[in-house]
Amino acid sequence: IRDATTPEPTASAVPFPEPTASPTPQRTNWLLLGGDYGAHRAGTGWGDKTDVMLLVSILETDPIDIAVVQFPRNLYVPWEGHADTWMFAIYRDLGPQGLRRYVADLFGIVPQGTFYVDMDGFRRIVDDLAAAGHPLRVGSTAFDGREALSYLRDNENNWGLGSYDAGQRVFSVFNGLVRSAVGYLGDDPIGAVDL
C-alpha cells in the first residue's frame with residue numbers, strides 16, 4: 001500500500017561498460033654478442049673484441065614478430081670523442097652498458113639487455129645441442145663446436161668463402177642455431193631451458 005507522499009520507483013540506466021582497449025604490443029631489443037676470447041688466448045693480449053654483433057628486436061604480437069640486424073664487425077662511427085670507435089672495441093672499452101649506450105645514441109634503439117658468449121662458450125653450446133640430438137646445420141653440413149667456430153673465423157677461403165663473406169657465415173650459423181634450439185625446445189623444453 002502506497003500513500004501519496006511515496007515517490008514512484010524509477011528505473012535508472014545501467015551504464016554499458018566500455019570495451020577494454022587491446023594492449024599495445026611491446027617491443028624489446030637485445031644485443032647478442034660473440035666475443036673473440038678463448039682459453040687459448042689467455043695472457044696473449046688478444047681476445048677482447050666482439051666480432052659478432054646482432055640486434056634482435058622482438059614485437060610481442062600473435063604470432064610473434066622478430067627482426068634481426070647484424071652489425072658489421074668493422075663498423076666505424078665517431079662517437080662522443082671516443083678515440084677508438086670501431087664498434088667491436090666499444091664492448092672491450094666500455095662494457096655492455098657502454099655498448100648499449102652506443103647503439104642507443106647512434107641508432108636510436110635502446111637494447112634491454114646484452115647476451116655475450118666467447119669462443120669456448122659457443123663451442124659448448126653447439127656441442128650440447130648436438131649431444132641432445134639437434135646438431136647445428138648450415139645447409140646440408142652438420143658442425144660440431146670446433147668446426148662451427150672454424151667456419152665462422154675462417155678468412156682464408158678454406159670453406160669457399162672470402163673474408164668479405166664473414167657476415168653471411170655469421171647469419172647462416174645464427175639461423176642454424178635458432179633452428180636447432182627451437183627443435184630442442186619442442187622435444188625437451190626443460191632440457192633446452194637448462195642449456
Could you grab the distance from atom NZ of K49 to atom CG of D93, nearest 0.5 Å is fine? 11.0 Å
Pairs meeting criterion side chain to side chain donor-acceptor pair (under 3.5 Å) with involvement of residues 107-128, two or more places apart: R100-T114
If you apply the rule side chain to side chain contact (heavy atoms under 4.5 Å, CB included), what do you find for L31 with L54, and how did you get there? CA-CA 6 Å; L31 287 171; L54 300 171; over 6 Å; no
Count I, L, V, M, F, W, Y as connected when their side-chain heavy atoms are under 4.5 Å apart, and connections chain through other members. Are L136 and V178 then in the same cluster? yes
Heavy atoms of T50 and R73 approach each other most closely as O-CG, 4.5 Å
Linking I/L/V/M/F/W/Y whenever any side-chain heavy atoms sit under 4.5 Å apart, do V170 and M87 land together? no
Under the side chain to side chain contact (heavy atoms under 4.5 Å, CB included) test, residues paired with N74 that sit two or more places apart: W86, F88
According to the interplanar angle, ranging from 0 to 90°, do the rings of Y102 and F107 count as parallel (below 30°), tilted (30 to 60°) or perpendicular (above 60°)? perpendicular
Do Y184 and P189 make a side-chain contact, defined as non-hydrogen atoms from C-beta onward lying under 4.5 Å apart? no
Are more than 12 heavy atoms from other residues, nucleotides or ligands located less than 6.0 Å from atom CD1 of I66? yes
Can you tell me if T85 uses its side chain to pair, donor with acceptor, with the backbone of Y76 under 3.5 Å? no
Between P111 and V103 the two heavy atoms that sit nearest each other are CG-CG1, 4.0 Å
Would you check if the side chain of E147 reaches a backbone N or O of G145 as a donor-acceptor pair within less than 3.5 Å? no
Between L94 and L99, does a side chain to side chain contact (heavy atoms under 4.5 Å, CB included) hold up when you go through it step by step? CA-CA 7 Å; L94 302 175; L99 184 57; over 6 Å; no
Side chain to side chain contact (heavy atoms under 4.5 Å, CB included) between D51 and R153: does it pass, once the steps are laid out? CA-CA 9 Å; D51 284 349; R153 299 193 56 77; 3.0 Å; yes
What verdict does the side chain to side chain donor-acceptor pair (under 3.5 Å) test give for R137 and S180, after you've listed the backbone C-alpha separation in whole Å, the side-chain angles of each residue and the deciding distance to 0.1 Å? CA-CA 8 Å; R137 292 189 181 282; S180 294; over 6 Å; no
Are Y151 and M119 connected into the same hydrophobic cluster when the rule is that any two of I, L, V, M, F, W, Y join if their side-chain heavy atoms are below 4.5 Å apart? yes
Distance-minimising heavy-atom pair for V138 and S172: CG1-OG, 3.6 Å
Decide side chain to side chain contact (heavy atoms under 4.5 Å, CB included) for R101 and W79; before the verdict, give the C-alpha distance in whole Å, the side-chain angles of both, and the deciding distance to 0.1 Å. CA-CA 11 Å; R101 202 175 75 225; W79 178 61; 3.4 Å; yes
Testing the basics here: between E60 and P25, what is the closest heavy-atom pair and its distance to 0.1 Å? O-CB, 3.9 Å
Taking all non-hydrogen atoms of both residues, which atom of P78 and which atom of L106 are closest, and how far apart? O-CD2, 4.4 Å
Would you name the heavy atoms of D48 and D36 that are closest together and state the gap between them? N-OD1, 3.0 Å
Transitive ILVMFWY side-chain link V126 to V52, under 4.5 Å: yes
With the 4.5 Å side-chain cut-off for hydrophobic clustering, are L59 and W30 part of the same group? no
Using 0.5 Å steps for rounding, measure from the CD1 atom of I58 to the CD1 atom of I64. 5.5 Å
Say you draw a straight line from CZ of R41 to OG1 of T44; how long is it, rounded to the nearest 0.5 Å? 6.5 Å
Of all residues at least two apart in sequence or in a different chain, which pass the ring pair (Phe, Tyr, Trp, His ring centres under 6.0 Å) check with F122? none
Rounded distance (nearest 0.5 Å) linking atom OH of Y91 with atom CE of M53: 12.5 Å
